[in-house]
Amino acid sequence: MTTNDRSGETWSFDEAVQPSAVSEQGTRAAYLPDVATLTQMANEFFKALPLQGASPVQTPVAQPRDVPSFETRLPQFGAPAPGLPAIPSANALPNEADLQKAISGAAPSGLPEEFSLASLAVLPVIEIPKVLDASSRFAFSPEQAQSPFSIPLPPFELKFPSFEAGLPSISSLAELPTAEVAHTAQPSFYFLENAVLPPASSPNLPQNGIQSTPTQPLDLRLPRQQFDVASVRRDFPILNERVNGHPLIWLDNAATTQKPQSVIDRISYFYEHENSNIHRAAHELAARATDAYEDARQKVAGFINATSTKEIVFARGATEAINLVAKSWGNRHIQKEDEIVLTWIEHHANIVPWQMLAAEKGARLRIAPVDDDGQILLDEFEKLLNPKTRLVSITQVSNALGTITPVHKMVQMAHRYGARALVDGAQAVSHMRIDVQSIDCDFYVFSGHKVFAPTGIGVLYGKPDALADSPPWQGGGNMIVDVTFEKTVYQPPPGRFEAGTGSIADAVGLGAAIDYLEQIGMENIARHEHDLLIYATKLLLTIPGLRIIGTAKEKAGVLSFVLDGFKTEEVGAALNREGIAVRSGHHCAQPTLRRFGVESTVRPSLALYNNYEDIDAMIAALRRLRQTRP
């Protein structure tokens, strides 16, 4: 489990395990040479933190975990670690000798005298108020910070009253905590981070060791910053719902995301105080509505790093935006014998419009293959490109597999052959920072409801020359300059693509959703979701007969799986009985799933408000289901 705070302190828990030879790459291992001394140090460490309440470690209410777990109460954050002041900035880095002095307990030259590990070595004992089995011990290990230098610290251990011996070998894949101490060029904080459990086949190796072994998906080492998931969850009122007598656990985020109170309030305010049509009236409410609508366009431009609001077209969603490009730009530029390149992992919305266009024009679709992990085979993709290629249309994140595609490279390849490139970002915008200038795509599309905004609103980004080279695709009011029976003069982009009355309130709601995400920080969200993804992947692999579909090294928060002996709808129904919402079916990605030999999967998908308890509840429900049909 993880708790953290906007001020920069991050806490979570890991398992104390034995050093393993299973995976040496990326493994962090440390040994506990003096358990008693290190136990003492750990207790003083916790005692010195600015805690409120009688005990820093408390037994929580019953949770759906395989073993007991504990929450560390840290209501106050932001204080530097006890005895360790801020390390000087990069213009005064300690040298190697200084680091060795610090490790030995002496103060390095040029640093404050109190900067010494000796200040940690004084010390009472933390009493864990619950007796666990003999396989349950907790250890603290230091993590090397991502900074110009790191001060290595000794690991510590939490002591249980009932145990006097050293760390025993663990006997199960129990979730047990490890605290990790990190030093950066900022004030030194202690970080506790969720680590990866070892495979079930890990041998018992020498005692008194701790380690963290990475597994798939690859840890992208995203920046760790403040993120308080408990606070985030309070922003989403629907999470207070109960389903079949259980608290709602929403793991169907790839289908649609829930809405924060700020978005709900902003839409309500619009209808209470601003509701009007836009652009075409001189009265006050029209001015308010127009300002709110265009302000939302400005926020979208900033959110995806467009250069101008003139590059942002509002549509009903990503599907309509793709159809807009097909009917407008595509109808003008795709001719007989031309080629459109897609990939094997596209959503139907990025297949069907191009099929329709190709059938109408006599063009050809060419499909880039993926490997058994669901990753694009770039060499094969490039072989499909040639002078006949007019358009490459690719997903940034697969909605069925979670694969993050190398869109930067693929767009560059498309441009080398003179083709335009469209990127479907529907499954990307809620998980990562988007920069259309960096991607250099000609078109980018996404849906508001996938990014905590209302349904009925979406975005088409287009480069100015690409939009200028695209005729209107619908006719009506709002998109014209002048109309006679002989001729119509159209607005320049984006107005020429927004015929009639659009989803004004929903666009305003999208602006509010972007405000919410920017306040939290997309980098913080990405790190939180990535940690959850690693945790969920690891635990799903412990369920007999479960096969994960899509195991790319770089994934967003989407997990697809099948369970031997069960139809996917059975699994979805069983989870629903316990209040857990996942998607079961083909996810509008039938070619994708058939590439992996299945017609449907169960698809839990993550968002910023999900936590470890959500994952634990799903795993526990799946294990109970598995037991009904061994």
Side-chain angles (χ1 to χ4, degrees), residues 293-294 296-334 338 340-342 346-347 349-350 353-354 357 389-396 407-408 410-415 417-429 433-448 450-451 457-476 478-481 490-500 502-503 507 510-511 514:
Y293 186 77
E294 294 302 331
R297 197 190 306 272
Q298 181 69 56
K299 290 174 181 177
V300 170
F303 185 59
I304 63 173
N305 197 30
T307 61
S308 168
T309 57
K310 295 179 181 179
E311 299 167 354
I312 304 301
V313 178
F314 283 130
R316 289 189 300 125
T319 297
E320 184 173 89
I322 293 172
N323 276 273
L324 190 165
V325 176
K327 297 293 185 181
S328 176
W329 182 92
N331 192 57
R332 169 175 285 185
H333 294 281
I334 302 296
D338 286 344
I340 301 168
V341 177
L342 312 177
E346 300 303 325
H347 188 280
N350 201 27
W354 307 119
L357 180 64
T389 306
R390 291 290 175 266
L391 179 75
V392 170
S393 191
I394 51 177
T395 186
Q396 187 170 13
V407 291
H408 291 77
M410 297 173 78
V411 169
Q412 287 176 6
M413 291 178 184
H415 288 167
Y417 289 86
R420 294 283 191 181
L422 181 149
V423 175
D424 176 2
Q427 292 295 334
V429 290
R433 178 73 66 184
I434 304 302
D435 186 338
V436 292
Q437 293 188 63
S438 174
I439 297 171
D440 196 30
C441 52
D442 300 284
F443 303 103
Y444 190 96
V445 304
F446 70 91
S447 296
K450 299 289 178 71
V451 67
I457 190 68
V459 170
L460 165 65
Y461 156 82
K463 285 184 176 178
D465 63 329
L467 292 179
D469 208 15
S470 302
W473 78 303
Q474 291 179 327
N478 200 47
M479 47 81 71
I480 55 85
V481 174
Y490 302 113
Q491 293 275 11
R496 71 167 60 171
F497 304 110
E498 296 180 4
S503 299
L510 174 57
I514 289 172

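In what follows, residues are counted from 1 in the order of the sequence shown.
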* Asked: What pairs with A315 under side chain to side chain contact (heavy atoms under 4.5 Å, CB included), at least two apart in sequence or on another chain?
  -> E320, A321
* To do: Report the residues that fulfil ring-ring contact (aromatic ring centres under 6.0 Å, His included) with Y293, sequence neighbours left out, ordered by chain and then residue number.
  => F314
* Asked: Which residues satisfy the side chain to side chain contact (heavy atoms under 4.5 Å, CB included) test with E294, sequence neighbours excluded?
  -> H279, T290, R297
* Under the ring-ring contact (aromatic ring centres under 6.0 Å, His included) rule, collect the residues that match up with F303, sequence neighbours excluded. => none
* **Residue list, side-chain hydrogen bond (donor to acceptor under 3.5 Å, both in side chains) with S470, at least two apart or on another chain** => none
* With sequence neighbours left out, what residues match R420 under salt bridge (Lys or Arg N to Asp or Glu O under 4.0 Å)? -> D442, D465
* Structure fact -> Residue set satisfying salt bridge (Lys or Arg N to Asp or Glu O under 4.0 Å) with D469, at least two apart, ordered chain then number -> R332
* Answer yes or no: is there a side-chain heavy-atom contact under 4.5 Å between L324 and F497? => yes
* Asked: So which heavy atom on T309 is nearest to which on Q298, and how close?
  -> CG2-OE1, 3.2 Å
* To do: Using atom types as modelled and distance alone, determine if a side-chain donor or acceptor of E346 lies under 3.5 Å from a backbone N or O of T395.
  => yes
* Do I322 and W354 come within less than 4.5 Å of each other through their side chains, counting heavy atoms only? -> yes
* Taking side chain as C-beta onward, heavy atoms only, is I434 less than 4.5 Å from Q396? -> yes
* **Check: G462 main-chain N/O paired with E311 side-chain donor or acceptor under 3.5 Å** => no
* To do: Name all residues meeting the side chain to side chain contact (heavy atoms under 4.5 Å, CB included) criterion together with T319; count only those two or more places apart in sequence or in a different chain, and write none if there are none.
  => N323, A349
* To do: Name all residues meeting the side chain to side chain contact (heavy atoms under 4.5 Å, CB included) criterion together with A426; count only those two or more places apart in sequence or in a different chain, and write none if there are none.
  => A318, D424
* Say you draw a straight line from OG1 of T307 to OH of Y461; how long is it, rounded to the nearest 0.5 Å? -> 6.0 Å
* Side-chain heavy atoms of V392 within contact of V411, under 4.5 Å -> no
* Side chains of V459 and L510: does their closest heavy-atom pair fall under 4.5 Å? -> yes
* **Partners passing salt bridge (Lys or Arg N to Asp or Glu O under 4.0 Å) against R433 (at least two apart in sequence or in another chain)** => E518, E523
* To do: Could you list the residues that satisfy salt bridge (Lys or Arg N to Asp or Glu O under 4.0 Å) with K299, not counting sequence neighbours?
  => D295, D515
* Would you check if I304 and I312 make a side-chain contact, meaning some heavy-atom pair closer than 4.5 Å? => yes
* Looking at residues at least two apart in the chain, or sitting in another chain, which of them share a ring-ring contact (aromatic ring centres under 6.0 Å, His included) with H333? -> W329
* To do: Using atom types as modelled and distance alone, determine if a side-chain donor or acceptor of K463 lies under 3.5 Å from a backbone N or O of D440.
  => yes
